[in-house]
Protein chains: 2
Amino acid sequence: MPHAQKPTVQHIRDALENAIVDGKFLPGERLDPEALAMRFGCSRTPIREALQALEGSGLVSVRAKRGTFVTKLGVPELAERFEVMAELEAMCARLAARRASPPEIETIRAAQAACMRAVTTGDSDAYYYENTAFHHAIYAASRNAFLEAEALRLQAMLQPYRRRQLQSRGRMKRSLEEHQTIVDLIAAGEADAAAAEMRNHVVIQGDRFHDLVASIRMADA
Amino acid sequence: MPHAQKPTVQHIRDALENAIVDGKFLPGERLDPEALAMRFGCSRTPIREALQALEGSGLVSVRAKRGTFVTKLGVPELAERFEVMAELEAMCARLAARRASPPEIETIRAAQAACMRAVTTGDSDAYYYENTAFHHAIYAASRNAFLEAEALRLQAMLQPYRRRQLQSRGRMKRSLEEHQTIVDLIAAGEADAAAAEMRNHVVIQGDRFHDLVASIRMADA
DNA sequence: ATATCACATGTTGTATACATCAAAACTTGA
DNA sequence: TCAAGTTTTGATGTATACAACATGTGATAT
């Protein structure tokens, strides 16, 4: 990931986004433009532009004359974003139920099968990866490219906080069952039910909310 | 609007956004960085950064080595965005019905009253302005700042296409009635009904869709 | 001892010069 | 006359130098 042959702004942006989403930079951490310029073998200018693009998608916050930092969301900000995310994903599921082509449904089922394998082997990293693939497949099946892009953007924004959340075996198994219900409803064309199920799957409430708050308090220390 | 005392990037961004949304630059039109630098009394650098920020919010498209242009959306892209917009606004209405404080409801009612005055005087420009104020008031009443920001962003993106759409007296009156229904449902706390009504108010379908397509075809000429 | 002010420092924001590349214009050959 | 290759042109993308400003540090006065 350090530096490719021609590190264009787009490449830098993607590399930094992946690094942040994958947790290689932690929320609140400062991103030093000069160090990054060194790493990517270019000047500060493309780095600066990449960072500003990331600010636009909400992943970093540029504080004037003070530095750019990985966005660190507090509990209220996170709650707001999860609320919107639940609605966007519900919309994806609703549209997918109405519009998904057989190959798209097959892709979703394949992702679900991969999740299942990860659960049986107990590989939580693999589950994490396949889980996002599952959701992305549903975004795509909505056949609304703009909606898909918005969902991807918001998902990237929330990913750093979801990462360590709920590595408990119980949650993985529960999540898998919810996935199955969602797939079946989409395949059956039950748009409203699929949307409702997805909303419940994504929204953070009850114990999961308190788990999230606890993990944030821990990260702050 | 030309140039203020200290044209910081944020100011330039806002000025350009307003100019685009207000139709002073038409979709597809090229934005010349040097000319803008002259107008704002600065170098190309801040202009460039402002344009990139606008690209992030979808208002302009930067085509590498070819220039930056006001985003010109085709019919399919517009349909996708209106579909998402309808859902976001429906969500705003739902949350507003559940959470709006009395002063917030009063603000919405005031905006609606202003719309009504515009209809009686037949001032379609004023109606246009007050109509956006009405919608913005509902975004704010959702008490979800992130949702509000997303709705504002998408609304700015669609504004250039809504502008000349439906200046017919019939549509204005119909729109006003729908507004009234929405306000009443929000005030009554009827969350689901308010959401459904708002979705229908925003979504483009039937004759309105064909009107939109026609206006785009006309603008292309 | 403490609070305030001035200054030093390091960072980002802006200007400008240069490199790079896409499209158009021109030349040359058939 | 037309087509293909080449050159030219004009724009954007990048590098670097400089300016502006927020923060931290130290001195001084109370």
Side-chain angles (χ1 to χ4, degrees), chain A residues 1-20 24-72 220, chain B residues 1-20 24-72 220:
Chain A
M1 191 268 294
H3 57 262
Q5 299 285 3
K6 267 194 92 58
T8 175
V9 169
Q10 188 62 30
H11 294 163
I12 297 172
R13 205 202 85 96
D14 290 346
L16 288 178
E17 171 168 337
N18 287 334
I20 293 172
K24 302 194 176 176
F25 296 109
L26 279 67
E29 190 172 344
R30 172 160 176 270
L31 299 171
D32 183 13
E34 291 194 52
L36 293 172
M38 208 78 98
R39 283 252 313 275
F40 285 99
C42 65
S43 81
R44 267 177 44 205
T45 306
I47 301 292
R48 180 179 171 80
E49 298 197 347
L51 288 176
Q52 290 191 342
L54 288 177
E55 187 191 26
S57 62
L59 281 174
V60 309
S61 314
V62 179
R63 283 184 288 181
K65 306 269 189 185
R66 305 199 14 181
T68 71
F69 303 82
V70 178
T71 298
K72 187 175 187 175
D220 282 346
Chain B
M1 192 267 293
H3 57 261
Q5 299 287 1
K6 267 195 91 61
T8 174
V9 169
Q10 187 63 29
H11 294 163
I12 296 171
R13 205 202 86 95
D14 290 346
L16 289 178
E17 171 168 337
N18 288 333
I20 293 172
K24 303 196 175 175
F25 296 109
L26 277 67
E29 189 172 344
R30 173 159 175 272
L31 299 171
D32 182 13
E34 292 195 54
L36 293 172
M38 208 76 97
R39 282 255 313 275
F40 286 99
C42 66
S43 81
R44 270 178 43 210
T45 307
I47 300 292
R48 180 180 171 81
E49 299 197 347
L51 288 176
Q52 291 191 343
L54 287 177
E55 187 191 26
S57 61
L59 281 174
V60 309
S61 313
V62 179
R63 283 185 288 182
K65 303 267 189 190
R66 302 187 45 186
T68 71
F69 303 82
V70 178
T71 298
K72 187 177 186 172
D220 283 347

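Since the structure is predicted, the reported quantities are computational estimates derived from the model, not experimental observations. Side chains included, hydrogens not; waters and symmetry mates left out as well; all remaining heavy atoms used. A note on names: the letters A, B, ... follow the listed sequences, proteins ahead of strands, and every chain is numbered from 1.
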Undergrad: Measure the distance from NE2 on His11(B) to P on dG13(C) and round it to the nearest whole Å.
TA: 14 Å

Undergrad: Might you work through the side-chain contact (heavy atoms from CB on, under 4.5 Å) test for Phe40(B) and Leu16(B), ending with a clear yes or no?
TA: CA-CA 11 Å; Phe40(B) 286 99; Leu16(B) 289 178; 4.3 Å; yes

Undergrad: Are any of the side-chain heavy atoms of Phe69(B) and Glu29(B) separated by less than 4.5 Å?
TA: no

Undergrad: Could you check how far CD of Glu49(B) sits from P of dT12(C), rounded to whole Å?
TA: 13 Å

Undergrad: May I have the distance from Glu55(B) (atom CD) to dT12(D) (atom C1'), rounded to whole angstrom?
TA: 13 Å

Undergrad: Atom pairs under 3.5 Å, N or O on each side, protein against nucleotides 23-26 of chain C: can you list them with distances?
TA:
from, atom 1, to, atom 2, distance (Å)
dA23(C), OP1, Arg66(B), NE, 2.9
dA23(C), OP1, Arg66(B), NH1, 2.9
dA23(C), OP1, Arg66(B), NH2, 3.3

Undergrad: Heavy atoms, side chains only, cut-off 4.5 Å: are Leu31(B) and Phe25(B) in contact?
TA: yes

Undergrad: Counting only side-chain N and O atoms of Arg30(A), is one of them less than 4.0 Å from OP1 or OP2 of dT12(C)?
TA: yes

Undergrad: Taking all atoms of both residues into account, what is the closest heavy-atom pair of Val70(B) and Pro27(B), and its distance?
TA: CG1-CA, 3.6 Å

Undergrad: List for me each residue that meets salt bridge (charged side-chain N to carboxylate O under 4.0 Å, His left out) alongside Asp14(A), sequence neighbours excluded, and say none if there are none.
TA: none

Undergrad: Taking CZ from Arg63(A) and C1' from dG10(C), how many angstroms apart are they, rounded to a whole number?
TA: 16 Å

Undergrad: Report yes if a donor N or O on one partner sits less than 3.5 Å from an acceptor N or O on the other, where the partners are the side chain of Lys65(A) and the base of dT23(D); otherwise report no.
TA: no

Undergrad: Roughly, in whole Å, what's the span from CD in Glu34(A) to C1' in dT9(C)?
TA: 14 Å

Undergrad: Measuring to OP1 and OP2 of dG13(C), would you say a side-chain N or O of Arg48(A) lies under 4.0 angstrom away?
TA: yes

Undergrad: So which nucleotide from dT14(C), dC21(C), dT12(C) ends up closest to the side chain of Thr8(B)?
TA: dT14(C)

Undergrad: Passes side-chain contact (heavy atoms from CB on, under 4.5 Å), Ile12(A) versus Cys42(A)? Steps please.
TA: CA-CA 10 Å; Ile12(A) 297 172; Cys42(A) 65; 4.0 Å; yes

Undergrad: Can you check nucleotides 15-17 of chain C for protein contacts, nitrogen or oxygen pairs under 3.5 Å, and list what you find?
TA:
from, atom 1, to, atom 2, distance (Å)
dA15(C), OP2, Ser43(B), N, 2.8
dA15(C), OP2, Ser43(B), OG, 2.7
dA15(C), O5', Ser43(B), OG, 3.3
dA15(C), N7, Thr45(B), OG1, 2.8

Undergrad: May I ask you to decide whether Arg48(A) forms a salt bridge with Glu49(B), counting only side-chain N to carboxylate O separations under 4.0 Å?
TA: yes

Undergrad: Which pair of non-hydrogen atoms, one from Gly28(B) and one from Lys72(B), has the smallest distance, and what is that distance?
TA: N-CB, 3.8 Å

Undergrad: Judged by atom type as modelled, is there a donor-acceptor pair below 3.5 Å linking the side chain of Thr68(A) to the main-chain atoms of Val62(A)?
TA: no

Undergrad: Can you tell me the distance, in whole Å, between the CD1 atom of Ile47(B) and the P atom of dT12(D)?
TA: 12 Å

Undergrad: Grab the CD-C1' distance between Gln10(A) and dT12(D) for me, whole Å please.
TA: 16 Å

